[in-house]
Amino acid sequence: MNSTQRNPILETVIQTGETIHYCWMWFVTKIVAMSWLRLFAVILLVWILSGILALVPLANVFVLTALLVKCFVNPAEDSAEKSEPAAIALPAPDSEKKEDHE
């Protein structure tokens, strides 16, 4: 068996798994950073849209997952893994302004 040949099905499955992991981490990060008031507003909008689109069970899964993530994921753990935020580049002061006195 030639080990240099690539299996396209295996690569697709691996890429799909990586995509699901990325989307899950994005979702958790957004939910943890969101305030409770904003989360309840999003939940209300999701329920309204799901009622219009007849996707209520899917909306219920989203709502339950979001509430569980918000309750049990500690934002301090997430911030401890990150280093200090990058410094913001501020513009240099205009100390060398040239004024025309004509």
Side-chain angles (χ1 to χ4, degrees):
M1 184 173 190
N2 190 357
S3 63
T4 59
Q5 289 182 341
R6 295 185 144 179
N7 187 345
I9 296 173
L10 180 60
E11 287 181 6
T12 303
V13 170
I14 290 172
Q15 290 174 354
T16 304
E18 291 172 353
T19 303
I20 291 170
H21 180 262
Y22 175 80
C23 292
W24 173 252
M25 294 309 294
W26 179 84
F27 173 75
V28 169
T29 304
K30 293 297 180 185
I31 293 297
V32 168
M34 192 178 292
S35 69
W36 279 101
L37 183 63
R38 185 172 286 178
L39 179 65
F40 288 135
V42 168
I43 287 173
L44 182 64
L45 289 174
V46 165
W47 273 336
I48 290 170
L49 289 175
S50 69
I52 293 171
L53 299 173
L55 297 172
V56 177
L58 184 63
N60 289 337
V61 169
F62 169 79
V63 168
L64 182 62
T65 305
L67 289 175
L68 288 173
V69 165
K70 185 71 173 171
C71 289
F72 293 113
V73 174
N74 188 1
E77 292 175 3
D78 187 37
S79 64
E81 294 175 1
K82 295 179 182 177
S83 61
E84 293 183 12
I88 299 173
L90 297 175
D94 295 329
S95 60
E96 297 181 11
K97 286 187 177 180
K98 296 181 181 178
E99 296 181 5
D100 294 328
H101 297 289
E102 293 182 33

For residues 39-48, which side-chain N or O atoms pair as donor and acceptor with protein atoms under 3.5 Å away, sequence neighbours left out?
from	atom 1	to	atom 2	distance (Å)
Trp47	NE1	Asn60	OD1	3.1

Donor-acceptor contacts under 3.5 Å from residues 65-73 side chains, at least two apart:
from	atom 1	to	atom 2	distance (Å)
Thr65	OG1	Val61	O	2.7
Lys70	NZ	Val32	O	3.3
Lys70	NZ	Met34	O	2.2

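By the 6.0 Å contact criterion, CH2 on Trp36 is enclosed, its count of non-hydrogen atoms from other residues, nucleotides or ligands being greater than 12. Within 6.0 Å of the CG atom in Leu64, the count of heavy atoms belonging to other residues, nucleotides or ligands exceeds 12.
A distance of 9.5 Å separates NE2 in His21 from CD in Glu18, rounded to the nearest 0.5 Å.
Counting Ile, Leu, Val, Met, Phe, Trp and Tyr side chains that sit under 4.5 Å apart, directly or through other members, Ile14 shares a hydrophobic cluster with Leu10.
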